Amino acid sequence: MLDLKFIRENPDIVREAVRKKRSTLPLDELLELDRIVMRERQEIQDLREQQNRISKQVRDADTPEVKQALIAEARALGDEISRRENVLKAEDEQLQALLLRVPNIPDESVPEGNGEEENVAVKHWGDPPRFDFEVQDHVALMERLDMLDLARGARVAGSRSYILKNAGALLEFALMRFALDRITKKGFTPLIVPALAREAALVGTGQFPSGRDQIYEIPKDDLFLVGTAEVSMTGMYAGEILPHSDLPIKMVAMSPCFRREAGSFGRDVRGVMRVHQFTKVEQYIIAENDPAGSLDWLEVLLGNAEEICQALELPYRVMLVCTGDMGDGKVKSYDIECWVPSEGRYRETHSDSALYDWQARRVNLRYRDESGKVRYVHTLNNTALASPRIMVPLLENHQQADGSIRVPEALQPYLGMDIIGPPK
RNA sequence: GGAGAGGUCGCAUAGUGGCCUAGUGCGGCGGUUUGCUAAACCGCUGUAGGAGAAAUCCUACCGAGGGUUCGAAUCCCUCCCUCUCCGCCA
């Protein structure tokens, strides 16, 4: 969410952001509603002032006759106020609904584009491996090593469900702890956060209203399953005014993540690339309201994620996400894509985002700066590691001629093996 | 799930229909006094919106949302959260 005052005073900047982000927001409708709501609110305020004055006169009235006359007058005003307030409320709700759809303004360094295909590769690390045998995809590898049971997973929970088994199950634990340890060592506070969240938390991150169909609902309890721990970490400080000395707050949370994958029928139907439930370690920073500082943090988070990919010996590239592929709330965003040999291309495994105060406004999360002024914080988030998706490049890049998997050195202490072979 | 007690300014508390423009204490900030520190004393101390050149003024906010009333922190309803006990439970 942007500051309404900012939108009012800089409609051209917002209009340009709407265009670049390929947003469907009707900005002129929003501006007109804003004018109406402001005028209405002012008029109601004047009426209320009158009413307050008369109410005091009622208290101090000398005779019953005067008192009755004043009460009648105040009652008429009260009726007028409540009538006008109903109108205002309806208009304001419309305005707020539009306000939630206003995209953030992309940073100048962000390339303009319509979608994923116009993201710009800004860095490559490692070389895609050459194999002198026929490459197998992760499904073949995992099934042969008895790490994965897709059929029985589907029996339990339908398509895009899976069962990790043997080294597959252990690998997920190993990966999560590996990532958690790495980020914790950099001064981030490790957390286990709720995977269930209220609507307000999802509105707060920007998952709602636009991405609502991607989220599982639990209507009986008015709860939702989070698609990322970002939701929980944004929601946990909602409404607070933090002391300046608390910032930056650096957190790293592991949580299960749930995504309906509505509209992705036919994409990545094979294997564990795109599933309804996965586990993720997520980095999160709550920082001061300083754009340049925020963009520095974005690079820090990117560096942390890159180190993890490097430690796992995965060839990757860093993509600067273009305006049309960025979420509404984002100012600037990088994806890390790891090399997937069976597909002969890079696939997204990490997503790094700076949102400035866009989420902070939604959850009303502020801090007191050095001068005592209350300001909205900035928020950033980036994947540390998400499994089982990361298993796709991990297993495929490190496969050997006999179908076993070489475990990268950094992961060996966590997994307790240097080669994943068939279970004994 | 059942019974009960609560939620008031950064913290602690007072406030049971109009004198609440929310009192008091603590903390914080500024000042006076002072070799230094401390103490004492004095003043200031929330958020949001609006009017104004400014001093200042107006409106809303006492967990959230409704309602009663000329008037609600206070009365009524719904919900949320915390605590105590019972039940269930990894």
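Per chain, numbering begins at 1; letters A, B, ... match sequence-line order. None of the values given here were measured: they were computed from a predicted structure.
- Residue contacts shown for R361(A) are absent, as no nucleic acid heavy atom lies under 4.0 Å away.
- The gap from the C1' atom of rA12(B) to that of rG28(B) amounts to 15 Å, rounded to the nearest Å.
- In this structure, the CG atom of L242(A) is 13 Å from the P atom of rG10(B), given to the nearest Å.
- A donor-acceptor contact closer than 3.5 angstrom links the side chains of Q359(A) and E230(A).
- On the P atoms, rA72(B) is 28 Å away from rC81(B), given to the nearest whole Å.
- With both pairing distances under 3.5 Å, rA3(B) is matched to rU84(B) as a Watson-Crick or G-U wobble pair.
- Shown here, rG23(B) forms a base pair with rU13(B); the pair counts as Watson-Crick or G-U wobble because both key distances fall under 3.5 Å.
- Nucleotides rU74(B) and rC19(B) place their C1' atoms 16 Å apart, quoted to the nearest Å.
- We find that CG of L99(A) is positioned 16 Å from P of rA48(B), with the value rounded to whole Å.
- Between N86(A) and D3(A), the residue whose closest nucleotide on RNA chain B is further toward the 5' end is D3(A).
- Taking the C1' atoms as reference points, rG1(B) lies 7 Å from rG87(B), given to the whole Å.
- Pairing partner, rU68(B): none, since no Watson-Crick or wobble contact has both distances short of 3.5 Å.
- Rounding to whole angstrom units, NZ of residue K89(A) and P of rG65(B) are separated by 10 Å.
- Looking only at side-chain heavy atoms (C-beta outward), I308(A) and F178(A) come within less than 4.5 Å of each other.
- K21(A) and M326(A) make their closest contact through CE-CE, 3.4 Å (heavy atoms, listed as atom of the first residue, atom of the second, distance).
- For the pair R198(A) and rA64(B), the criterion of a side-chain N or O lying under 4.0 Å from OP1 or OP2 is not met.
- For the pair R35(A) CZ and rG50(B) P, the interatomic distance rounds to 15 Å; values are reported in whole Å.
- Contact annotation: R75(A) reaches the phosphate of rC70(B) (side-chain N/O to OP1 or OP2, under 4.0 Å).
- Across every strand in view, rG30(B) sits in a pair with rC42(B) that passes the Watson-Crick or G-U test at under 3.5 angstrom.
- Counting only heavy atoms from C-beta outward, the side chains of L355(A) and H378(A) never approach each other to under 4.5 Å.
- Using modelled atom types, one finds no donor on one side chain facing an acceptor on the other under 3.5 Å when comparing T383(A) with K280(A).
- Comparing the same atom, C1', in rG4(B) and in rC9(B) gives a spacing of 29 Å after rounding to whole Å.
- For the P atoms, the distance linking rG15(B) with rC75(B) amounts to 12 Å, nearest Å.
- Neither OP1 nor OP2 of rU47(B) sits under 4.0 Å from any side-chain N or O of R375(A).
- In this structure rU74(B) sits in no base pair that meets the Watson-Crick or G-U test at under 3.5 Å.
- Taking the six-membered ring for Trp, F224(A) and F258(A) have ring centres at least 6.0 Å apart.
- Distance from the side chain of M38(A) is smallest for rG50(B) among the nucleotides rC58(B), rG66(B), rG50(B).
- Counting to the nearest Å, the P atom of rG18(B) and the CZ atom of R53(A) are 22 Å from each other.
- Pairing for rU37(B) is absent, with no Watson-Crick or G-U wobble pair whose two atom distances lie under 3.5 Å.
- In this structure, the CG atom of D221(A) is 14 Å from the P atom of rC79(B), given to the nearest Å.
- Per the geometry, CG belonging to D46(A) stands 18 Å off P belonging to rC57(B), to the nearest Å.
- A 3.5 Å limit on both hydrogen-bonding distances identifies no Watson-Crick or G-U partner for rC89(B).
- Candidate nucleotides rU59(B), rG50(B), rU47(B) were compared by shortest atom distance to the side chain of R48(A), and rU59(B) ranks first.
- N52(A) has a side-chain polar atom (N or O) that falls below the 4.0 Å cut-off from OP1 or OP2 of rA60(B).
- Atom P of rU24(B) sits at a distance of 11 Å from the matching atom of rC44(B), rounded to the whole Å.
- Distances were taken from every side-chain heavy atom of S55(A) (C-beta onward) to each of rC70(B), rG50(B), rC19(B); the shortest belongs to rC70(B).
- Atom CD1 of I81(A) and atom C1' of rU69(B) are 13 Å apart (whole Å).
- Listed nucleotides: rG66(B), rC70(B), rU47(B). Nearest to the side chain of V58(A): rC70(B).
- Note on Q51(A): a side-chain N or O is less than 4.0 Å away from OP1 or OP2 of rG71(B).
- Below the 3.5 angstrom threshold, one finds no donor paired with an acceptor across the side chain of E49(A) and the base of rC58(B).
- For R368(A), whose side chain is taken as the heavy atoms from C-beta onward, the closest listed nucleotide among rG66(B), rC70(B), rU47(B) is rU47(B).
- Residues N86(A) and R84(A) bring no donor and acceptor atom of their side chains to less than 3.5 Å of each other.
- Nucleotide rC57(B) forms a Watson-Crick or G-U wobble pair with rG50(B), both donor-acceptor distances falling under 3.5 Å.
- Remark: the separation of the C1' atoms in rG30(B) and rG35(B) is 23 Å, to the nearest Å.
- A cation-pi arrangement is absent between R361(A) and W358(A), since the terminal nitrogen or guanidinium carbon is not both under 6.0 Å from the aromatic centre and inside a 45° cone about the axis.
- The residue among Q42(A) and R366(A) whose nearest nucleotide of RNA chain B is located toward the 5' end is R366(A).
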